[in-house]
Number of protein chains: 2
Amino acid sequence: MLLKKTQYALYALLNLARNYKKGPVLISIIAEEEKLPKKFLEAILADLKTQGLVNSKKGKGGGYYLIVPPEKIDIASIIRSFDGALGLLPCATINYYESCSQCKDENKCALRSVLRELRDQTDHFLKNISLLDLIEKEKSLEMIESRRS
Amino acid sequence: MLLKKTQYALYALLNLARNYKKGPVLISIIAEEEKLPKKFLEAILADLKTQGLVNSKKGKGGGYYLIVPPEKIDIASIIRSFDGALGLLPCATINYYESCSQCKDENKCALRSVLRELRDQTDHFLKNISLLDLIEKEKSLEMIESRRS
DNA sequence: ATAAAGTCTATTTGCTAAGTAGGGTAATGA
DNA sequence: TCATTACCCTACTTAGCAAATAGACTTTAT
């Protein structure tokens, strides 16, 4: 399961992506629109700024805004930066690798071998979804739903 | 990431699977062979017994043994029983579904839609790996490694 | 009987997620 | 300039839970 923080970060980024190149968005607006706890959101946006995905402007007319194009931000990297590894075991990850104290020889560990495969599959899946993809998906879901009524 | 408990359970089950129909195995033997903390392992085996995967025999010559054929036990179900959901968000799971307080309309949530797809993919992958598969994989990995020397 | 082996209940330790509080500081525009 | 707006920063709280340990108890084979 993802951390709340990760989930909130994704919602916040989606909001900013929808307003890409439309000027800064207030923290309070994002918090309200996405129903996120404001103070918590502040911390998340600060992280995203450190990561170089967003920037902020102080004073009247200020707020946060995306500085990387939505099609260049993929979900895998966002999840990784907040939640950490995608793999299910430390010995089955790439970026967060840690050897496993149980195994005599990791290269003979069937569990690791299989979970590595899964990790690669998951990584591949998430790496190929950008914020822009999500926004477009939103629109098409909207269409489908409205056609129902 | 999986809980230690889940990882240990998988190792313990693999050990029992290797000894399927060869009589009970002592907790201490499993603990030693798989390098697992004995007391913790006790609790895990008790859980597995409740789940109906293993049985135990008390007294001299006792121990634990698998009562379901290794090819009938898949990793997805083991992971689920210890770790819980496979999906990354409560709203993107099947067995542990919980609605998400952020969304006005879940059916229009692009994130959920995408994470559901991932969940299905993960589930499919793990459901098709049995303890027997892992044991066979072990053997083939063993072969590959020994050929290296 | 008695040693072997699983069973049960309780407790510990420490970490971390999730969120809160509140004052500080910087930028803006009137 | 100066008040306001809005982000920035440090600290704290609360609760839950993972991971493991301790020790006494019960059952069974010989």
Side-chain angles (χ1 to χ4, degrees), chain A residues 1-12 16 23-32 34-51 53-67 79 81-85 88-90 96 98 100-102, chain B residues 1-12 15-16 23-32 34-51 53-67 79 81-85 88-90 98 100-102:
Chain A
M1 287 278 177
L2 298 183
L3 302 178
K4 284 289 180 194
K5 196 168 184 178
T6 312
Q7 189 187 352
Y8 293 172
L10 286 165
Y11 285 136
L16 294 179
V25 185
L26 292 185
I27 294 185
S28 348
I29 295 295
I30 303 176
E32 195 190 336
E34 308 295 335
K35 296 186 200 157
L36 308 178
K38 194 184 159 195
K39 274 293 185 183
F40 199 14
L41 177 59
E42 271 186 30
I44 292 165
L45 288 167
D47 285 351
L48 291 170
K49 190 176 177 183
T50 308
Q51 289 172 40
L53 295 180
V54 306
N55 208 345
S56 60
K57 219 179 139 185
K58 286 184 178 176
K60 202 169 190 179
Y64 276 90
Y65 53 97
L66 210 57
I67 51 174
I79 291 183
S81 70
F82 285 97
D83 246 273
L88 292 183
L89 286 183
Y96 297 82
E98 225 172 293
C100 156
S101 54
Q102 268 73 40
Chain B
M1 288 277 176
L2 298 182
L3 302 178
K4 283 288 179 194
K5 196 168 184 178
T6 312
Q7 189 186 353
Y8 294 173
L10 286 165
Y11 286 136
N15 192 294
L16 293 179
V25 185
L26 293 185
I27 294 184
S28 350
I29 296 295
I30 303 176
E32 196 189 336
E34 309 294 336
K35 296 187 201 157
L36 308 177
K38 193 184 159 196
K39 274 294 184 181
F40 198 16
L41 177 59
E42 273 184 27
I44 291 165
L45 288 167
D47 284 351
L48 290 171
K49 189 177 178 183
T50 309
Q51 290 172 40
L53 294 180
V54 306
N55 208 346
S56 61
K57 222 179 135 183
K58 285 184 180 178
K60 201 171 190 176
Y64 276 90
Y65 53 97
L66 211 57
I67 51 174
I79 291 183
S81 69
F82 285 95
D83 246 273
L88 292 183
L89 287 183
E98 225 172 294
C100 157
S101 54
Q102 268 73 40

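The structure displayed is predicted, hence computed values, not measured ones.
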K.L.:
Figure out the NZ/P separation between B:K60 and C:dT2, and round it to whole Å.
P.N.:
14 Å
K.L.:
For A:L2 and B:I27, find the nucleotide of DNA chain C closest to each by heavy atoms; which residue's nucleotide sits nearer the 5' end?
P.N.:
B:I27
K.L.:
If you look at every heavy atom in B:F82 and B:L3, which pair is closest and at what distance?
P.N.:
O-CD1, 3.7 Å
K.L.:
For B:K49, which contact category applies under a 4.0 Å heavy-atom criterion: base, sugar-phosphate, or nothing?
P.N.:
sugar-phosphate
K.L.:
Measure from the side-chain heavy atoms of A:L3 and tell me the nearest of C:dT28, C:dA17, C:dT7.
P.N.:
C:dA17
K.L.:
Closer than 4.0 Å, any side-chain N/O of A:Y8 to the OP1 or OP2 of C:dG19?
P.N.:
yes
K.L.:
Write down the distance between CD (B:E42) and P (D:dA22), rounded to a whole number of angstrom.
P.N.:
12 Å
K.L.:
About how many Å separate CD of A:E34 and CD of A:Q7, when rounded to the nearest 0.5 Å?
P.N.:
11.0 Å
K.L.:
Heavy atoms under 4.0 Å, any strand shown: does B:K4 hit a base, just sugar-phosphate, or nothing?
P.N.:
sugar-phosphate
K.L.:
Under 4.0 angstrom, heavy atoms only, what part of the nucleic acid is B:F82 near: base, sugar-phosphate, or nothing?
P.N.:
nothing
K.L.:
Between B:K5 (NZ) and D:dA20 (C1'), how many Å, whole number?
P.N.:
11 Å
K.L.:
I'd like to know whether A:K35 forms a side chain to side chain donor-acceptor pair (under 3.5 Å) with B:S101, so could you lay out the CA-CA distance, the side-chain angles of the two residues, the decisive distance to 0.1 Å, and finally the verdict.
P.N.:
CA-CA 8 Å; A:K35 296 186 200 157; B:S101 54; over 6 Å; no
K.L.:
Apply the side chain to side chain contact (heavy atoms under 4.5 Å, CB included) test between B:N15 and each candidate in B:V25, B:I29, B:L36; give the one that qualifies.
P.N.:
B:V25
K.L.:
Taking CD from A:E32 and P from D:dA6, how many angstroms apart are they, rounded to a whole number?
P.N.:
13 Å
K.L.:
Expressed as a whole number of angstroms, how long is the span from A:L26:CG to D:dT4:P?
P.N.:
17 Å
K.L.:
How far apart are the closest heavy atoms of B:A46 and B:Y64, and which atoms are they?
P.N.:
N-OH, 4.0 Å
K.L.:
Of all the heavy-atom pairs spanning A:L48 and A:A9, show the shortest one and how long it is.
P.N.:
CD1-O, 4.5 Å
K.L.:
Report yes if a side-chain nitrogen or oxygen of B:S56 is closer than 4.0 Å to either non-bridging phosphate oxygen (OP1 or OP2) of C:dA5; otherwise report no.
P.N.:
no
K.L.:
Between the two ends of the helix from C:dA1-D:dT30 to C:dA30-D:dT1, what is the bend in degrees, rounded to 10 degrees, where each end axis spans five pairs?
P.N.:
10°
K.L.:
Can a salt bridge be assigned to the pair B:K5 and B:D47 using a cut-off of 4.0 Å between side-chain N and carboxylate O?
P.N.:
yes
K.L.:
Picking from C:dG19, C:dA26, D:dT21, which would you name as closest to the side chain of B:P37?
P.N.:
D:dT21
K.L.:
Using whole Å, report how far NZ of B:K39 lies from P of D:dA24.
P.N.:
11 Å
K.L.:
Ignoring backbone atoms, establish whether B:Y65 has a side-chain N or O less than 4.0 Å from OP1 or OP2 of C:dA5.
P.N.:
no
K.L.:
Between atom CG in A:L41 and atom P in C:dA18, what is the gap in whole Å?
P.N.:
15 Å
K.L.:
Tell me: CG of B:L36 to C1' of D:dA19, nearest whole Å?
P.N.:
13 Å
K.L.:
Please give me the minimum heavy-atom distance between A:I27 and A:L41, naming the atom from each residue.
P.N.:
O-CD2, 3.6 Å
K.L.:
What does B:L45 touch in the nucleic acid at a heavy-atom separation under 4.0 angstrom: a base, only the sugar-phosphate, or nothing?
P.N.:
nothing
